[in-house]
> 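Before I ask anything, here is the structure I am working with.
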Amino acid sequence: MEIIEQIPINFFTKLHSCYKLLFMDETNQLPSRYESSEHEQKIYKLWEEAKAFAPKPKQEGEKTFSVLMPPPNANGSLHVGHAVFVTLEDLMTRYHRMKGEAAVWFPGFDHAGFETQVVFEKVLQKQGKSRFEMERDEFYDATLAYTKDNSEFMLNQLKRLGASADWENLKFTLDEDVVDLVYQTFVQLYEDGLAYRAKRPVHWCVKHQTTLSDLEVKDHEQTDSLYYLKYGPMIVATTRPETIFADVAVAVHPEDERFQQYIGQEIEVDFGINKRMIKVVADEMVDREFGTGAVKITPNHDAADFEVAQRHNLPTDLIAINQYGKLTDLAGPLAGLKVDEARQKTIELLEEKGLVEKIDTNYHHSVKTCYKCDRVIEPRMLTQWFIAVNQDGKKTGKNWARDAIQAVADNKTQFVTPRFRKVFDHWMSIIRDWSISRQIVWGIRIPAWYCQCGGTTVKLPSKTKLTFLRHGQAEHNVKQIGNGDPTQSYPLTDQGKEEIKKALTEFKSDNRHFDLIIASEMERTQQSAQIIADGTEIKIDARLNDVKLGGLEGASIAEIHEATSYHEQSAQGSETFTEVTRRVEDLLRDLEANYQNKKEVLIVTSEIIFWALRQVLHPELEPHEMKHHIKNGESYTFSLGDITPCAKCGQMNVERDLDVFDTWFSSGQWPHIVPKTTNRADDFERFYPTSVMETGWDILFFWVARMMMMNIYLTDDVPFKHIYLHGMVRDKDRQKMSKSKGNVMDPLAVIDQYGTDALRLALVFNTSTGNDMSMSEEKVKGMRNFANKLWNVARFTLMNLEGNSFEAIGDSSSLSSLSRMKSDIEDPDKSSSSGRDSSTPLPAGESAQNENKNEHTERSFDSAQDESLKTPQPLNQADKVILDKLNHTIKETTRHFDEFRFHEAAQGLYQFLWSDLADTYLEAAKEPLNGTDDDAKVNTQQILLYVLTKTIKLLHPIMPFVTELIWQSLPSAAKDNKLLINASWPVND
RNA sequence: GCGCGUGUAGCUCAGUGGUUAGAGCACUACAUUGACAUUGUAGGGGUCCCUGGUUCGAUUCCAGGUACGCGCACCA
């Protein structure tokens, strides 16, 4: 090792002020315990104030590191699963930040559509309310408020976990810019033929009144009865006799000799309540061995039957069970019964008629259940939106599943745990089209409109808000005469001006500003517009003019009413109401096409235009219902997005789909959306693809696979280079944590008691990638002890620096008693044998590379100090061993972090700190520290400080708080940055 | 039915083709204000699931079996 300079003697005099602030207690002593709760939030604030969580500015040839936070569902509080991902993602981010890379961790929250709605409905239930009794908007707003409250609460909890995420760019899946991109994707998929609407078998939850995707249903093994029913001349076996009322056929295997005589025939079947002719079809799908080899076909209540029905052109319109899981009128006397009850009654009914051959009461099978409420899923045929995942886009030629499988095959995305790659590949190879419509309120409403003409319109909804304002009172109003001719002058009265000023005041008090004002050619609307304008552009549009009165111009209102109803009747060349409606419709269509992003448009016009508008928006209303009196200065606001014209026929009276997207449709796009919507313009270019996707294996299909497919489709690049899937946290007896078992661990309570660092270390210590981990208070306690050990190593080091020759601090009696300590520093074998890595010591005398060089080139951007400690020279065997072991630990820790083996990094550091440094070196150091050889003493101090400095750097990613606190107490000469979070990662010699 | 994983100390789990297989917790004995009792020293505790194979050598790699867990499919 190179000869290094001795630390100058005045170095130590700087010490006192450094650590006095944070490290010492009120009595001017070093507290002997690390009290996490006293420091953590202050430390966190230190980082926040230094804006340490933002990535450093772009540099040429920079290395970047980015991770996307799996956006927590904003509907509850933090559980231990959140603590796992925070720990893993934060330690990766901190590690790469210290390595000098531009590191960013993108945070967000998920509205979590169905999940949140289920949670919130329970909240409502406690208040005695139900969503089915609430208006859509009312329910949406209430859920939004609930979600906002929760995310604010959870944000603080995430911070308590030490998360160094880029909070300035905290995204929410319902943010306007996010929703815009989600809409855009859907439109693109629709135009590419990959988003389609079709009647298909879907999973229907009777309780939640919505469809669910294949992933949202669980298989539940159970024992039921298999009923053998007489079916004309045949016998069929079924578990669902209550569906017979919607039977359309009976299917047999084409080669089944028993039934050859019936194939293609119609047989008469007695259903107990009536008799119907039923067709016998031959289909390969039938298993000759099962039951009787004959299957009743009920297309509306079984997915497989639906397919048979399609193959044989059988009717698919018979519905025996409605959306509430009750029998329909098809069931005659059984109508209205719920499925379970209906099954019993059906069998009773059939038995009475002697139609039940036998009942096998011990039939094992599995049924699909709702993953939220465990109720049996009712298969239904519904018209829904689907994403074709195995089809080539007709424009792009891209194929979701194929492209994702290929990307993994090409190693563009690698699984950190290879076994999950097999699971992924298998799932991708059998994936079916994705049902994305949900019949719930909470979520992003599908931007699709349906017209009576049969046309479907899919487009980005206009974001423009339209406000119609009736002009103020004009002179013709006072005279009670009609004026539809814009060349006539009937200016506003003083009262009319006041009415508009009043409207303006109201607009202002609602904080509303108009980007554009459109008035008619009528003098009164232009005058009104002027009063509102205040510099805003005013356009004139004749389509907003009052009704043309022809020969009735200037006649009294009464006269005009007598002569025309404004509708189809025209008197003396006047315009009909239908004609007025047409020009209003024409104007709206024009606005919709050309003013997508004018946020607020004010339209100043006449009363009849309001009526026409009402007709356009509510075509179902009768003509006489149009004439609501609109006062002068009265206004009405609505969203232009609500009146998208039909893409096929141009009609305005299209209806928007009530359904919302499956929440994973939006969160699946997170990787490209988030970097595109931060407050930095080049984030997408710099940070996409992200470096690692870290999340639980339980959402591999829900989220990770969908992200792969969607983002490859949208960006032509994979969303992440590595996939790191962590296991589930179980309790100390390996049981799953659940509220009902009462074995859940509240991470915040654990933090309060033992500290965040202890919790974080416990979550990586003695675990392995991808496997479930068990957690217990005892484990956290042990890790808390480790934090305390680290604290005391630092305390020992600092007290000994100070105690040497300078201002005495702390408990001097305890310092002097150090000399009484017995130690076995003379026994080198002992010290080397205690290390787990002692079998592979680094070659002695290997030339030391000054790590400062490296730290210079990869320094964090706001680094404060230039002079960090140089590698000290070992004077004795203990010195040499600890420096070797440190070097080895640096090397191993770095390797483990690079290879995503955080548990090994943690274990190595634990061993090094506790056994090698505390138990061995510190004991050995006591002799020179208390001896009379000043050179040996100073050298030992130097080594202690050096090793401590490097060690807390190595531990920082896992245990950010206690390490930062110690760092703040170190002499500034030992540091290369004011904050450890921005300090450089150690490099081994 | 297909696939995946796990099986290592009393418990929860790391780890490894090569000395005596480790950690945390628990346990035993001793130590005692020493940086730390949130401690130290010493110690007990193992058929690394079973069988076979490859190998100089297998807890590790391979095959089969077994137990447990999970995923997917079937599910009339």
Side-chain angles (χ1 to χ4, degrees), chain A residues 30-35 214 219 221-222 224 226-229 236-240 243 250-251 285-287 290-298 302 304-305 308 363-368 417 419-423 425-427 429-431 697-698 700-701 727-728 730-734 736 754 758 761-762 765-768 770-800 810-811 813-824 836 839 901 903-904 906-907 910-911 914-915 918-919 922-923 925-926 944:
Chain A
L30 302 176
S32 63
R33 292 177 183 181
Y34 169 58
E35 297 292 350
D214 291 347
D219 289 325
E221 298 264 344
Q222 60 185 46
D224 281 319
L226 183 62
Y227 303 93
Y228 289 76
L229 307 180
V236 296
T238 180
T239 54
R240 301 204 61 187
T243 64
V250 57
M285 149 270 208
V286 179
D287 175 0
F290 188 92
T292 59
V295 189
K296 70 185 202 64
I297 299 300
T298 324
D302 186 283
D305 289 7
V308 173
Y363 174 62
H364 302 285
H365 68 151
S366 58
V367 293
K368 291 196 185 301
T417 313
R419 70 179 155 101
F420 287 118
R421 183 187 160 169
K422 293 182 197 168
V423 180
D425 280 344
H426 177 245
W427 188 75
S429 68
I430 57 164
I431 186 174
W697 55 252
D698 55 327
L700 173 60
F701 304 145
M728 304 296 109
R730 293 165 178 273
D731 73 4
K732 61 177 170 17
D733 303 316
R734 253 190 97 69
K736 268 186 186 164
Y754 299 105
L761 181 56
F765 196 83
N766 218 17
T767 64
S768 58
N771 287 339
D772 289 357
M773 57 199 97
S774 67
M775 182 51 55
S776 61
E777 189 171 338
E778 291 76 33
K779 187 171 183 185
V780 180
K781 203 170 165 183
M783 300 302 130
R784 186 273 317 263
N785 294 352
F786 177 75
N788 193 57
K789 179 60 80 172
L790 174 60
W791 168 268
N792 273 291
V793 168
R795 179 170 176 247
F796 175 86
T797 303
L798 294 173
M799 281 167 63
N800 275 294
D811 184 355
S813 65
S814 72
L815 284 173
S816 62
S817 58
L818 277 172
S819 56
R820 297 202 306 271
M821 182 81 175
K822 275 194 250 168
S823 66
D824 43 23
R836 64 195 284 275
S839 59
R901 302 202 311 214
H903 57 292
E904 294 220 59
Q907 184 136 345
Y910 187 101
Q911 177 79 20
W914 202 307
S915 306
D919 289 350
L922 250 57
E923 294 305 319
K926 284 171 185 173
L944 273 174

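Reminder, nothing fancy here: chain letters follow the sequence lines and each chain counts from 1. Remember, it's a predicted structure, so these values are computed and weren't measured experimentally.
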> Below the 4.0 Å mark, does B/C13 have OP1 or OP2 next to a side-chain nitrogen or oxygen of A/T767?
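It does not, given that no N or O in the side chain of A/T767 lies less than 4.0 Å from OP1 or OP2 of B/C13.
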> In the strands shown, is B/C70 matched to any nucleotide by a Watson-Crick or G-U wobble pair with both distances under 3.5 Å, and which?
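By the stated definition (distances under 3.5 Å), B/G3 pairs with B/C70.
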> What distance, rounded to whole Å, do you find between the two C1' atoms, one in B/U51 and one in B/U41?
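Those two atoms are separated by 44 Å.
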> Between B/U60 and B/G15, how far is it from one C1' atom to the other, in whole Å?
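Each nucleotide's C1' atom is 10 Å from the other's.
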> A/R421: which residues meet the salt bridge (Lys or Arg N to Asp or Glu O under 4.0 Å) condition with it, sequence neighbours left out?
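Per chain and number, A/R421 pairs via salt bridge (Lys or Arg N to Asp or Glu O under 4.0 Å) with A/D425.
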> A side-chain contact here means heavy atoms from C-beta on lying under 4.5 Å apart; do A/S32 and A/R795 qualify?
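The answer is yes; the side chains approach within 4.5 Å.
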> Nearest heavy atom decides the nucleotide; on that basis, is A/Y34 or A/R240 closer to the 5' end of RNA chain B?
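Its nearest nucleotide being more 5', the pick is A/Y34.
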> Base, sugar-phosphate, or nothing for A/L226, non-hydrogen atoms under 4.0 angstrom?
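Answer is sugar-phosphate: A/L226 comes under 4.0 Å of backbone atoms only.
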> Could you work out the separation of B/U55 and B/A63 based on their C1' atoms and round it to a whole Å?
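Nearest-Å result for B/U55 against B/A63 at atom C1': 16 Å.
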> Taking the same atom, P, in B/G40 and in B/A58, what whole-Å distance lies between them?
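Taking atom P in both B/G40 and B/A58, they lie 38 Å apart.
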> Return a single string for nucleotides 23-30 of chain B, one symbol per nucleotide in 5' to 3' order, where B is base contact, S is sugar-phosphate-only contact and - is none, cutoff 4.0 angstrom on heavy atoms.
BSS-----
> Do A/L761 and A/F786 have side chains that get closer than 4.5 Å, going by heavy atoms?
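They are in contact (side-chain heavy atoms under 4.5 Å apart), so the answer is yes.
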> Base, sugar-phosphate, or nothing for A/K732, non-hydrogen atoms under 4.0 angstrom?
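It contacts sugar-phosphate atoms only.
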> Please report the distance, rounded to the nearest Å, between NZ in A/K926 and P in B/G40.
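Checked: the NZ to P distance equals 11 Å.
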> Between B/A14 atom P and A/E904 atom CD, what is the distance in whole Å?
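After rounding, the reported distance stands at 11 Å.
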> Rounded to whole Å, how long is the line connecting atom CG of A/L922 with atom C1' of B/C36?
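Atom-to-atom, A/L922 to B/C36, this comes out as 10 Å.
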> Can you tell me how far C1' in B/A31 sits from the matching atom in B/C36, rounded to whole Å?
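Here B/A31 and B/C36 have their C1' atoms 15 Å from each other.
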> Pick the nucleotide of RNA chain B nearest each of A/R419 and A/M773; which residue has the one closer to the 5' end?
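With A/R419 and A/M773 compared, the 5'-side residue is A/R419.
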> With heavy atoms under 4.0 Å as the rule, sort A/D302 into base, sugar-phosphate or nothing.
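The answer is sugar-phosphate, as A/D302 gets under 4.0 Å only of primed atoms, P, OP1 or OP2.
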> Look at all strands and tell whether A/A918 reaches a base, only sugar-phosphate, or nothing, counting heavy atoms closer than 4.0 Å.
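Answer is base: heavy atoms of A/A918 come under 4.0 Å of a base.
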> Is any side-chain heavy atom of A/D919 closer than 4.5 Å to one of A/K789?
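Answer yes - side chains close enough.
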> Given the P atoms of B/G46 and B/A23, what is the spacing between them in whole Å?
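To the nearest whole Å, 15 Å.
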> Quick one: the side chain of A/K422 and the base of B/C4, do they pair up donor-acceptor inside 3.5 Å?
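For A/K422, whose side chain was compared with the base of B/C4, there is no donor-acceptor pair (under 3.5 Å).
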> Nearest whole angstrom, please: distance from the C1' of B/G1 to the CG of A/D287.
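In whole Å, B/G1 C1' and A/D287 CG are 13 Å from each other.
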> Tell me every residue that passes ring-ring contact (aromatic ring centres under 6.0 Å, His included) with A/H365, counting only those two or more places apart in sequence or in another chain.
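Only A/Y363 meet the ring-ring contact (aromatic ring centres under 6.0 Å, His included) criterion with A/H365.
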> Just checking A/Y363: base, sugar-phosphate only, or nothing, at a heavy-atom cut-off of under 4.0 Å?
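The answer is sugar-phosphate, as A/Y363 gets under 4.0 Å only of primed atoms, P, OP1 or OP2.
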> Can you tell me how far C1' of B/U39 sits from CZ of A/F796, to the nearest Å?
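Distance check: A/F796 CZ to B/U39 C1' gives 14 Å.
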> Would you mind pulling out the nucleotide paired to B/G24, Watson-Crick or G-U wobble, both distances under 3.5 Å?
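Its partner is B/C11 (Watson-Crick or G-U wobble, both distances under 3.5 Å).
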> May I have the distance from A/D772 (atom CG) to B/C4 (atom C1'), rounded to whole angstrom?
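Rounded to whole Å, this separation is 13 Å.
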> Taking any strand in view, what nucleotide pairs with B/U60 in a Watson-Crick or G-U wobble way, both distances under 3.5 Å?
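Result: none.
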> Sequence neighbours left out, cut at 3.5 Å: what donor-acceptor pairs do the side chains of residues 291-298 of chain A make with other protein atoms?
from	atom 1	to	atom 2	distance (Å)
A/T292	OG1	A/I235	O	2.4
A/T292	OG1	A/A294	N	3.4
A/K296	NZ	A/T243	OG1	2.6
A/K296	NZ	A/D247	OD1	2.9
A/K296	NZ	A/T298	OG1	2.9
A/T298	OG1	A/D247	OD1	2.7

> With rounding to whole Å, what would you report as the distance between B/A21 and B/G57 at their C1' atoms?
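That atom pair is separated by 16 Å.
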> With C1' as the reference atom in both, quote the distance from B/C56 to B/U19 in angstrom, rounded to an integer.
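The answer is 16 Å between these two C1' atoms.
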> Would you mind listing every salt bridge (Lys or Arg N to Asp or Glu O under 4.0 Å) that reaches into residues 771-784 of chain A, with sequence neighbours excluded?
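Output for this query lists A/R730-A/D772.
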> Ignoring backbone atoms, test whether A/R33 places a side-chain nitrogen or oxygen under 4.0 Å from the OP1 or OP2 oxygen of B/U38.
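For B/U38, OP1/OP2 do have a side-chain N/O of A/R33 under 4.0 Å.
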> Going by side-chain contact (heavy atoms from CB on, under 4.5 Å), name the residues that satisfy it together with A/D698, two or more places apart in sequence or in a different chain.
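A/D698 satisfies side-chain contact (heavy atoms from CB on, under 4.5 Å) with A/M728 only.
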> Of all residues at least two apart in sequence or in a different chain, which pass the side-chain contact (heavy atoms from CB on, under 4.5 Å) check with A/N788?
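Counting only residues at least two positions away or on another chain, A/N788 forms a side-chain contact (heavy atoms from CB on, under 4.5 Å) with A/R33, A/Y34, A/W791, A/N792.
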> How many Å lie between NZ on A/K781 and P on B/C11, as a whole number?
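One finds 21 Å between P of B/C11 and NZ of A/K781, rounded.
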> May I ask you to say what A/R784 touches in the nucleic acid, namely base, sugar-phosphate or nothing, with a heavy-atom cut-off under 4.0 Å?
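Since a base atom lies under 4.0 Å of A/R784, the category is base.
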> Could you go through the side-chain contact (heavy atoms from CB on, under 4.5 Å) check for A/T239 and A/V367 one step at a time?
CA-CA 11 Å; A/T239 54; A/V367 293; over 6 Å; no
> What's the closest nucleotide to the side chain of A/N771 if the choices are B/A14, B/C4, B/C75?
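Nearest listed nucleotide: B/A14.
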> Mind calculating the distance between CG (A/N792) and C1' (B/G34) to the nearest angstrom?
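These atoms are roughly 12 Å apart.
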> Tell me the partner of B/U33, counting only Watson-Crick (N1-N3 plus N6-O4 or O6-N4) or G-U wobble (N1-O2 and O6-N3) with both under 3.5 Å; none if nothing fits.
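The answer is none; no pair meets the criterion.
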> Dump the pairs, protein N or O against N or O of nucleotides 65-74 of chain B, anything under 3.5 Å, distances to one decimal.
from	atom 1	to	atom 2	distance (Å)
B/C74	N4	A/S366	OG	2.7

> So do the side chains of A/N766 and A/H903 get within less than 4.5 Å of each other, counting heavy atoms only?
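A/N766 vs A/H903: side chains apart.
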> Taking only residues two or more places apart in sequence or in another chain, which ones pass side-chain contact (heavy atoms from CB on, under 4.5 Å) with A/F420?
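Result, side-chain contact (heavy atoms from CB on, under 4.5 Å) vs A/F420: A/F415, A/T417, A/W697, A/L700, A/L725.
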